[in-house]
Visitor: 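My questions all concern the structure below.
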Amino acid sequence: MEPRLEFLEESEFKIKFKLLNATPALANSFRRAMKSLVPTMAVDYVDFYVNSSYLYDEIIAHRIGLLPIKTDLNKYNFQDKCVCGGEGCPNCQISFRLNVEGPRIVYSGDFISDDPEIHFVFGDIPVLELYEGQQLMIEAIARLGTGKEHAKFQPVSVCSYKIIPKISISENCNRCLSCVDICPRNVLKLENNRIEVSNILNCSLCCECEKVCEIGAIRVEETNNFLFTVESTGALPIRVIMSKALEILKEKAMEMNSILREVQ
């Protein structure tokens, strides 16, 4: 059977889905691709013209670098693949300008972008507080990058999976309820005078139910099905992250096949 996806929950920034009929290698490759290989924009360096705040330039630059940016993958190139040769141009980078005076709190929404469609995802993230007489005038330059290069380029804040197990209960079960009582996630319950699995997705594969059963009536097995939880930073829609990750994996697989054919 071919691998397939089955979506369970979906919102603007979070999605839960099952990856069915897949190997652990494929599941982990999918997870790593979403975290490390899908590109997004992030601030790469900051030019400081005036900074009379209490924070060092490096601290402010670090905070700005971690602000997620709305990304259009069709609009910008990687700098090493751009016609400018990596020097920086409107095709591979974008500028965010800020000139504010205290007393006030500086928020991510105070930055002015060269491109109105490319901006910080959330406008209410506090960057720092300026007091009376303090000023901050900077220019932040953002570019495309991947999480493999730096965590600030990761399009996801959460990307995890777990194995969906199979729990089998044999006919010789004496309904002692030991397995029900010991389960920390209430996966098992007594219904219609028999032990049944109420929510297999809650199972953490601790196998305590299997250990406590003295007659061996319950068995917990791993399967080739996985439950994924993915949360986006907002830089890209979650489905775009997923499709781009699969596209990258496909390209890598084709490249590997090409190398193997040359070796043969």
Side-chain angles (χ1 to χ4, degrees), residues 3 5 7 10-17 19 26-46 61-97 108-109 111-123 125 139-161 228-258:
L5 297 178
F7 294 93
E10 185 172 2
S11 61
E12 184 179 2
F13 296 108
K14 184 177 180 180
I15 194 169
K16 279 189 175 183
F17 63 90
L19 176 61
L26 176 59
N28 195 42
S29 296
F30 191 21
R31 179 190 67 84
R32 291 173 63 89
M34 284 190 279
K35 286 189 65 174
S36 305
L37 301 179
V38 177
T40 61
M41 298 201 82
V43 170
D44 192 39
Y45 65 90
V46 182
H62 178 70
R63 291 184 177 184
I64 297 172
L66 294 177
L67 297 175
I69 301 173
K70 281 286 184 183
T71 302
D72 187 346
L73 296 177
N74 297 320
K75 203 169 188 178
Y76 292 91
N77 306 316
F78 282 102
Q79 285 192 327
D80 59 347
K81 298 179 181 178
C82 188
V83 292
C84 69
E87 294 184 5
C89 70
N91 292 321
C92 63
Q93 69 179 32
I94 186 171
S95 174
F96 295 88
R97 295 179 176 84
S108 53
F111 287 81
I112 300 174
S113 172
D114 282 350
D115 186 344
E117 296 181 0
I118 308 299
H119 53 81
F120 292 117
V121 176
F122 306 102
I125 300 177
E139 181 180 9
I141 309 298
R143 65 170 177 85
L144 278 179
T146 61
K148 189 166 72 170
E149 177 184 354
H150 194 284
K152 66 184 179 182
F153 293 111
Q154 289 184 359
V156 293
S157 55
V158 173
C159 187
S160 62
Y161 71 86
F228 273 78
T229 301
V230 182
E231 292 185 14
S232 169
T233 62
L236 291 169
I238 300 181
R239 289 199 178 229
V240 172
I241 296 171
M242 293 172 60
S243 61
K244 187 66 178 177
L246 292 173
E247 180 183 321
I248 292 171
L249 287 178
K250 183 179 179 181
E251 290 175 357
K252 286 185 173 294
M254 292 175 65
E255 182 181 357
M256 176 60 71
N257 287 334
S258 177

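Given the structure is predicted, the values throughout are model-derived calculations rather than measurements.
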Visitor: Hey, could you give me the CG/CG distance between D72 and L144, rounded to the nearest 0.5 Å?
Guide: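 Here the interatomic distance stands at 9.5 Å.
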Visitor: So which atom in G234 and which in F13 form the shortest heavy-atom distance, rounded to 0.1 Å?
Guide: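 What the structure gives for the nearest pair is CA-CE2, 3.6 Å.
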Visitor: How long is the straight-line distance from CG of N77 back to SG of C89, given to the nearest 0.5 Å?
Guide: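 Rounded to the nearest 0.5 Å, the SG-CG separation comes out at 7.5 Å.
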Visitor: Which heavy atom of I238 sits nearest to which heavy atom of S232, and what is that distance?
Guide: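 For I238 versus S232, the nearest heavy atoms are CG1-CB, 3.5 Å.
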Visitor: Between the main-chain N or O of A33 and the side-chain N or O of S36, is there a donor-acceptor pair closer than 3.5 Å?
Guide: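 No: the side chain of S36 does not pair with the backbone of A33.
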Visitor: Do you know the tightest heavy-atom contact between P155 and I241?
Guide: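 Taking every non-hydrogen atom into account, O-CD1, 3.6 Å.
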Visitor: Could I get the full list of salt bridge (charged side-chain N to carboxylate O under 4.0 Å, His left out) partners for R63, not counting sequence neighbours?
Guide: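 Scan of R63 (salt bridge (charged side-chain N to carboxylate O under 4.0 Å, His left out), adjacent residues dropped) gives none.
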Visitor: Quick test of your reading: applying salt bridge (Lys or Arg N to Asp or Glu O under 4.0 Å), list the pairs with at least one residue in residues 242-254, sequence neighbours left out, ordered by first then second residue.
Guide: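 Listed once each, the pairs are K244-E247.
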Visitor: Can you see which heavy atom on S95 is nearest to which on E139, and at what distance?
Guide: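 Answer, listing the atom of S95 first, then E139: OG-OE2, 2.7 Å.
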Visitor: Closer than 3.5 angstrom, by distance alone: can the side chain of T71 be matched with the main-chain N or O of M41 as a donor-acceptor pair?
Guide: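 Flag set: sc T71 to bb M41 pair under 3.5 Å.
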Visitor: Here's a test for you: under side chain to side chain donor-acceptor pair (under 3.5 Å), which of R143, Q79, H150 qualifies with D44?
Guide: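 Only one option passes, and that is R143.
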Visitor: I need the E149 CD to F78 CZ distance, nearest 0.5 Å.
Guide: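 It is 8.5 Å, given to the nearest 0.5 Å.
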Visitor: If you compare all heavy atoms of H119 against all heavy atoms of P116, which two are closest, and at what distance to 0.1 Å?
Guide: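 For H119 versus P116, the nearest heavy atoms are CD2-O, 3.4 Å.
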Visitor: After noting the C-alpha distance and the side-chain angles of F122 and L67, does the key distance pass the side chain to side chain contact (heavy atoms under 4.5 Å, CB included) rule?
Guide: CA-CA 8 Å; F122 306 102; L67 297 175; over 6 Å; no
Visitor: Considering residues at least two apart in sequence or located in another chain, which fulfil the ring pair (Phe, Tyr, Trp, His ring centres under 6.0 Å) criterion with Y45?
Guide: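 Applying ring pair (Phe, Tyr, Trp, His ring centres under 6.0 Å) to Y45 gives none.
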Visitor: Is any side-chain heavy atom of R97 closer than 4.5 Å to a side-chain heavy atom of D114?
Guide: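 Result yes, sub-4.5 Å side-chain heavy-atom pair found.
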Visitor: Under 30°, 30 to 60°, or over 60°: which ring-plane class applies to F30 and F228, parallel, tilted or perpendicular?
Guide: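 Rings of F30 and F228: tilted, 30 to 60°.
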Visitor: Is the side chain of T40 donor-acceptor paired with the backbone N or O of F153 at a distance under 3.5 Å, no angle test?
Guide: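 The answer is yes, because a donor-acceptor pair under 3.5 Å joins these two groups.
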Visitor: With sequence neighbours left out, what residues match S29 under side chain to side chain donor-acceptor pair (under 3.5 Å)?
Guide: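 In terms of side chain to side chain donor-acceptor pair (under 3.5 Å), with neighbours along the sequence ignored, S29 is linked to no residue.
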Visitor: Heavy-atom count around L73 CG within 6.0 Å, excluding the residue itself: above 12?
Guide: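 It does: L73 CG has more than 12 such atoms within range.
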Visitor: Sequence neighbours left out, what passes side chain to side chain donor-acceptor pair (under 3.5 Å) with E231? Give chain and number order.
Guide: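 Once residues adjacent in sequence are excluded, E231 has no partner under the side chain to side chain donor-acceptor pair (under 3.5 Å) criterion.
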Visitor: Once side-chain contact (heavy atoms from CB on, under 4.5 Å) is applied, do any residues pair with D115, and if so which ones, sequence neighbours excluded?
Guide: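 side-chain contact (heavy atoms from CB on, under 4.5 Å) list for D115, sorted by chain: K75, Y76, I94, S113, E117, I118.
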Visitor: With the side chain counted from C-beta on, respond yes when L19 and L5 share a heavy-atom pair under 4.5 Å apart, and no when they do not.
Guide: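 A side-chain contact exists here, since the closest heavy-atom pair is under 4.5 Å.
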Visitor: Would the distance check show the side chain of S108 and the main-chain N or O of I125 forming a donor-acceptor pair, the cut-off being under 3.5 Å?
Guide: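 At least one qualifying donor-acceptor pair exists.
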Visitor: Measuring from F96:CZ to I69:CD1, what's the distance to the nearest 0.5 Å?
Guide: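 So the gap between those two atoms works out to 4.0 Å.
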Visitor: For the residue pair C159 and M34, what are the closest heavy atoms and their distance?
Guide: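 Reported closest heavy-atom pair: SG-CE, 3.6 Å.
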